[in-house]
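Data block below; observations after.
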Amino acid sequence: MNKRVASARDAIAGIESGMTLMLGGFGLCGIPEKCINALADSDITDLTCISNNAGVDDFGLGLLLQSRQIRKMIASYVGENAEFERQMLSGDLEVDLIPQGSLAERCRAGGAGIPAFFTPAGYGTEVGEGKEVREFNGKPHILETALTADFAIVKAWKGDTDGNLIYKGTARNFNPVMATAGRITIAEVEELVESGELDPNHIHTPGVFVQRIFQGDQYEKRIEQRTTRPHAR
Amino acid sequence: MLDKTGIARRISRELRDGWYVNLGIGIPTLVANFVPEGVDVTFQSENGILGMGPFPYEGEEDADLINAGKQTITALPGAAIFDSATSFAMIRGQHIQLTVLGAMEVSDTGDIANWKIPGKLVKGMGGAMDLVASAENIIVAMMHTNRAGESKLLPECSLPLTGVNCVKKIVTNMAMLEVTSDRGFRLLERAPGVTVREIQDATLGRLIVEGDVPEMQLD
């Protein structure tokens, strides 16, 4: 089944104002930068974005914040973005902070047909307020519900025209779970090959979860915290 | 009195051969620099790697290989990469033997607050709530008092909680303490040059001092 589309712009066709999007990535690592750029060039607004982080001021989801296209952000950590801070404090941006493991599992559950699950994370904290509590094995747990999205947008290293995906390094992060939880899932890849060219044993995300795929050119892959050690003498 | 490196050195002596360990941002990260000889531990970073190695040499940074602090890292031979749901399955499923993290406050029943200060910008809890809710063994690395000189070891946390009844051990610049199930902090060791009296004065939560409290060994 050929799922190839020509460009990021074609890939985001059908995304409308007010929709909920999931976007893969951890910090700036493994974010779907081509689709984010295409969204920034569009006049789509009022988006709810589910993503572990919110980018930095001039890259990643920060671009959509600058242009005020995001109404609500669902994330676990948003600390690297001054524009985010300004909009959150002024009340222009609604923010729902979720423990990182619960965020991942809520996406996984959404894609796996599990409507809710109990987790110990957040019990006794404000995250647990108003949520059903049950004790299992002598330990209290809170009920968390699944997350799904109108569109999930993920970034992979390699993909084929059937939508099979392979990720590289820690750029994998939230991408595989989010890929399963979109009504429509868009994959952007650094290298798109023909059907049959990837080893089935190496596929991380089976193509069944992906509806559209395209190859992006010249990934910027910005590094947030460049840390090195000196060369040994 | 210990500096941050000293705290990390003392915690590194708690590592045991064969453990999988998650280190938080800040002082906990330094623990990786002092793994004792003959002790083989594997470091996990919750963004999705087991077998995290040291920072790369300059010029060898890979944008696709970072830790949960978003720093460029390397992967050691035998490393494994996985997605975020699998990563937290390891954490919640108690496949990771030790979590070391920082804190703003710890209560004498093991509650921890380390993610939010009311009135200040909230950045989010990241993976901290999942880590503290599930870890078998949590060591907190922090200064004994805050910048205003107030104790961070309290009868009850005043800041919004990250988790309840979860901290097992605390290493500060002044002492190593254990959290008992019902009697408060038990003083295990004094930092070099620090007296029991000074630790008592800097600890607001219940503190158990039994017998002669030894001075820490760092090597």
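Labels below follow one simple rule: chain letters A, B, ... track the order of the sequence lines, proteins then strands, and each chain is numbered from 1. For clarity, every value in this text was computed on a predicted model and none was experimentally measured.
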At a 3.5 Å cut-off, give me the donor-acceptor pairs between chain A and chain B, one pair per line with the distance.
| unit_1 | atom_1 | unit_2 | atom_2 | d |
| --- | --- | --- | --- | --- |
| A:S76 | O | B:M125 | N | 3.2 |
| A:S76 | O | B:G126 | N | 2.9 |
| A:V78 | N | B:K123 | O | 2.7 |
| A:Q100 | N | B:G126 | O | 2.8 |
| A:Q100 | N | B:D130 | OD2 | 3.2 |
| A:G101 | N | B:D130 | OD1 | 3.2 |
| A:G101 | N | B:D130 | OD2 | 2.9 |
| A:G101 | O | B:R92 | NH2 | 3.0 |
| A:S102 | N | B:D130 | OD1 | 3.1 |
| A:E126 | OE1 | B:K116 | NZ | 3.4 |
| A:E126 | OE2 | B:K116 | NZ | 2.6 |
| A:K139 | NZ | B:A133 | O | 2.4 |
| A:K168 | NZ | B:D64 | OD2 | 3.1 |
| A:T170 | N | B:D64 | O | 2.8 |
| A:T170 | OG1 | B:D64 | O | 3.3 |
| A:T170 | OG1 | B:I66 | N | 2.9 |
| A:T170 | OG1 | B:I66 | O | 3.4 |
| A:R172 | NH2 | B:I81 | O | 3.4 |
| A:N173 | O | B:S84 | N | 3.0 |
| A:N173 | O | B:S84 | OG | 3.3 |
| A:F174 | N | B:S84 | OG | 3.3 |
| A:K221 | NZ | B:D64 | OD2 | 2.5 |
| A:Q225 | N | B:K70 | O | 3.3 |
| A:Q225 | O | B:T72 | N | 3.1 |
| A:R226 | NH1 | B:E61 | OE2 | 3.1 |
| A:T227 | N | B:T72 | OG1 | 2.8 |
| A:T227 | O | B:T72 | OG1 | 2.6 |
| A:T227 | OG1 | B:T72 | N | 3.2 |
| A:T227 | OG1 | B:T72 | O | 2.9 |
| A:T227 | OG1 | B:T72 | OG1 | 3.1 |
| A:R229 | N | B:P56 | O | 2.8 |
| A:R229 | NE | B:F55 | O | 2.5 |
| A:R229 | NH1 | B:Y57 | OH | 3.3 |
| A:H231 | NE2 | B:E58 | O | 3.3 |

Quick one: closest heavy-atom pair of A:G169 and B:I81, and the distance?
-> O-CG2, 3.1 Å
If you tally heavy-atom pairs under 4.5 Å against chain A, which of [options] wins?
{"options": "B:L131, B:L65, B:I66, B:I73", "result": "B:I66"}
{"options": "B:A113, B:A85, B:G48", "result": "B:A85"}
{"options": "B:G126, B:G124, B:A89", "result": "B:G126"}
{"options": "B:I49, B:V132, B:L121", "result": "B:L121"}

Sort [X] into side chain, backbone, both or neither according to what part of it lies under 4.5 angstrom from a heavy atom of chain A.
{"X": "B:F88", "result": "side chain"}
{"X": "B:V122", "result": "both"}
{"X": "B:A68", "result": "both"}

Give, as side chain, backbone, both or neither, the part of A:I98 having an atom under 4.5 angstrom from any heavy atom of chain B.
->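 When you check distances to chain B, only backbone atoms of A:I98 fall under 4.5 Å.
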Please flag which part of A:V78 lies under 4.5 Å from any non-hydrogen atom of chain B: side chain, backbone, both or neither.
-> both
Between chain B and each of A:P176, A:A75, A:P140, A:P99, count heavy-atom pairs under 4.5 Å; write down the option with the most.
->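 Highest number of pairs under 4.5 Å: A:P99.
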Between A:L28, A:L97, A:V95, which has the largest tally of heavy atom pairs under 4.5 Å with chain B?
-> A:L97
Using the test ring-ring contact (aromatic ring centres under 6.0 Å, His included), find all partners of A:F117 that sit at least two apart in sequence or belong to another chain.
-> none
